[in-house]
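Report on one structure; see the data block that follows.
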Amino acid sequence: AEGMEDVQKLHLDCTREQRSYISHANQTCKLLMETKEFPVSMDSRFEILQQRQRENQALERYQKAQRRLFDAANWT
């Protein structure tokens with residue numbers, strides 16, 4: 001059952017990373033929606049760029065966790 005416990009832990013990791021990614025993606029969308037001035041100020045651009053980088057990092061973590069889960073489940 002050790003293998004099953006590993007898969008369950010990987011599933012929890014994958015779910016956690018997915019939630020983190022969704023949270024960051026929602027924050028990026030919120031920043032874009034709240035943009036009222038055009039052209040966008042340099043401060044706003046910088047804030048959006050930083051958030052987009054956090055979103056991309058969260059996506060990478062989620063994709064890695066998902067690959068580990070698929071590998072453990074022999075879906076390769």
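Keep in mind it's a predicted model, so treat the numbers as computed, not measured.
Between E55 and Y21, some side-chain heavy-atom pair lies under the 4.5 Å cut-off. Looking at I48 and T35, their side chains come closer than 4.5 Å, going by heavy atoms from C-beta outward.
The structure places CZ of R67 at 8.5 Å from CG of D71, a figure rounded to the nearest 0.5 Å. To the nearest 0.5 Å, atoms CD (E17) and CD1 (I22) are separated by 11.5 Å. S20 OG to H24 NE2: the interatomic distance, rounded to the nearest 0.5 Å, is 4.0 Å. A distance of 8.5 Å separates CZ of R52 from CG of L59, quoted to the nearest 0.5 Å. Between the CD atom of Q50 and the CG atom of L31 there is a distance of 10.5 Å, given to the nearest 0.5 Å. Note that CZ of R68 and NE2 of H11 are 14.0 Å apart. Values are rounded to the nearest 0.5 Å.
Under the 3.5 Å distance criterion, the side-chain polar atoms of S41 are left unmatched by any main-chain donor or acceptor of E37. Within the 3.5 Å criterion, the main-chain N or O of V40 finds a donor-acceptor partner in the side chain of R45.
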Subject >> Chi angles and distances behind the side-chain hydrogen bond (donor to acceptor under 3.5 Å, both in side chains) call for Y62, Q66 >> reply: CA-CA 6 Å; Y62 166 61; Q66 187 181 50; 3.2 Å; yes
Original post:
Can R54 and Q51 be said to form a side-chain hydrogen bond (donor to acceptor under 3.5 Å, both in side chains), step by step?
Top reply: CA-CA 5 Å; R54 288 188 292 269; Q51 178 55 39; 2.9 Å; yes
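With salt bridges taken as basic N to acidic carboxylate O contacts below 4.0 Å, one links K9 and D13.
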